[in-house]
Amino acid sequence: MSDIINILPDSVANQIAAGEVVDRPASAVKELLENALDAGATEIQLIVKDAGRTLIQVIDNGCGMSDIDARLCFERHATSKIHRADDLFAIHTMGFRGEALASIAAVAQVELKSRQIDSELGTQIVIEGSDVKDQSPCNCNVGTSISVKNLFYNIPARRNFLKKDSIEMSHIEEVFRRVALPNHTVSFSLHHNGRLLYDLKSGNFAQRIAGVFGKNCSERLYHIQEQTEPVNIYGYVGKTEYVKRVRGEQYLFVNGRFIKHPALSTAIERAYNELIPERTYPSYFVLLEVDPCRLDVNIHPTKTEVRFLDENIIFSILRAATKKALGQFSLATELEFNPSTEIDFTPVSKDYHPEEPKVTYNPNYNPFRSTGHGPVARRSDFEHFFDKEGFSPKTESELHADSMLDRLPIDDEPALQSPVIANTTTPISYQNKYIITTMKSGIVIIDQQRAHERILYERLLARRESEIASQQLLFPVNVRLNASDSELLNELMPELERLGFVISTLGQNTFVVSATPSDVSDNDLQNFIEQTINDYKSSMLQKFSDRDKSICLSLARQMAVKSGTVLKAEEMQSLIADLFSCQAPNISPSGKKTMFIFGETELNDKMK
Ligand code: ADP
Ligand code: MG
């Protein structure tokens, strides 16, 4: 038989290899933007025509290239970023494979102009389908400008596979956001068909997020920050009331690189467990920094997949840090986004000296007497609702009891102290359903029933852990059930007892309730127990993961004040105070909104 093996010509080999790196205009954009960053640019312009089909141009003011490097950079495996195999284990740059420019040049008509600061003249190269057509000296600015024209001009099959312009352009914009967000100290602009889509000036991370997603996103985010040995965490996570039905704005970066990391995304989402309705997703913008030698970025050609050596611990730290961010309202977030905004300070006397930054919760306040919960949301806004007397102090570790944070150094972000107290307003009721009050962020409308459900739910959960005493009934109440419900009640007995019920069996299918949690009235215990069992049955059908929680939910629902109940002003005030001491004040335990905040900007808009 004759020999049948051929060595592929370079041009074909290059085209095949190119497919791995450049599969659509957006991937070429990513490589070019990353090269500009690696070159140390502080200003990067991206100019696109026809969604990248006819032109992708990146202009940077980075270090530029010499004549020889300008020619070499289009060779496969040509890179200035690693020298030895060892370097692979401590990657500090975005690129290092030396493949991108070779791949792009194999499938497009490329024109490169580059000049280094100490050269008077730059160099210009024209290359088409890997063939160098021309190299000559030229006048140009310091830095590099690279134009990629007619992508896939020599691979019609690929070109035909491109989607319509709007789709390709949305991929390009997404790449642009992923590169621009973490590199907030670099200025970026993006033009498409002559239109300026983004103009991002150098600034802090918050300003960059606002530049990309719009100014009012500051209202939707909490600050997250944690410095630990294996990882530093910095960024913003969405408030629970602004979750989305689709996983939209979820950005996780490690050492300045956008990554897809399902486990770490889960870590963030877990922190929202029970705080947000099912099948909704929080937004987040989180920068992680880890020692490059404890990170493997080498597992995927486009490098969005990475591996952490300390994945498990980073998972726990990230989840805990997110929880902490959600439990703690930070005025600093709003200040950072909007440095020029004046905050509504109550006038302070001249000899007022601001204290050192401190934790935002008041350790002397315990909303549930002895069963209080952790740091509160928007605490500073509601200081005026808190009755400061008669509360037992809580230690920090108690406050963080159910989070991982007690194992981590907790360095609290600066919080503004007493001058931030809002003016006291008397809450009013609308239709005996809604309580209306004001706070710094706007007019708050609270659903009294849902709010009370939230308060009771957290109180019950807390009680479950501390086994707080119950109220003895003066006259124990008999409860008679059918056979299957009796069985269920026996099953639920340990949980009910932990919540403060004392129930004993009197005979077959008959029980005696001799004590209840203090907020349960003994008016209709028969009904109460039946309803609890019913809720338990339906929660089993819905596979409610935690049966304790399902019981707390059922009790909270039954015990809560109902819509239509007339509340006194003091009752409304303490409801508001209790609500804002909850870990998740924004949402009822069954996943509905407890409140709506009408901010000043919104109000001004409506009044236009
Ligand atoms: P990699 O980025 O993996 O090294 P590339 O093919 O993207 O591989 O680039 C090859 C080399 O070309 C880089 O290592 C760098 O030395 C040089 N280079 C590419 N783009 C630029 C740029 N915008 N400014 C300066 N040098 C560049
Ligand atoms: Mg590169």
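Atoms within each ligand, like the ligands themselves, are counted from 1 in listed order. None of these values were measured; they are calculated from a predicted model. One is the number of the first residue; the rest follow in order along the sequence.
Close N/O approach between A39 and ligand 1 is not found [any backbone or side-chain N/O within under 3.5 Å].
Considering S80, C63, G64 only, the shortest heavy-atom separation from atom 15 (C) of ligand 1 involves S80. For atom 10 (C) of ligand 1, the choice among S114, A78, G98 with the nearest heavy atom turns out to be A78.
Between K81 and ligand 1 there is a heavy-atom distance shorter than 4.0 Å.
Salt-bridge formation is detected for the pair K201/D199: a Lys NZ or Arg NE/NH1/NH2 atom is positioned less than 4.0 Å from an Asp or Glu carboxylate oxygen.
Taking the ring axis of F152 as reference, the NZ or CZ atom of R159 does not stay both within 45° of it and closer than 6.0 Å to the ring centre.
How far CZ of R270 is from CD1 of I268: 12.5 Å, rounded to the nearest 0.5 Å.
Between F308 and F315, a ring centre-to-centre spacing not shorter than 6.0 Å is recorded. A distance of 6.0 Å or more separates the ring centres of Y251 and Y284.
Counting heavy atoms closer than 4.0 Å to ligand 1, residue L32 contributes nothing at all. Counting heavy atoms closer than 4.0 Å to ligand 1, residue T144 contributes side-chain atoms (C-beta onward) but none from N, CA, C or O.
Surrounding CD1 of I117 are at most 12 heavy atoms belonging to other residues, nucleotides or ligands under 6.0 Å away.
Of all the atoms in ligand 1, the ones that sit under 4.0 Å from a non-hydrogen atom of M65 are 17 (C), 18 (N), 21 (C), 25 (C), 26 (N), 27 (C).
Between the Mg ion (ligand 2) and M94 there is no N/O/S contact shorter than 2.8 Å.
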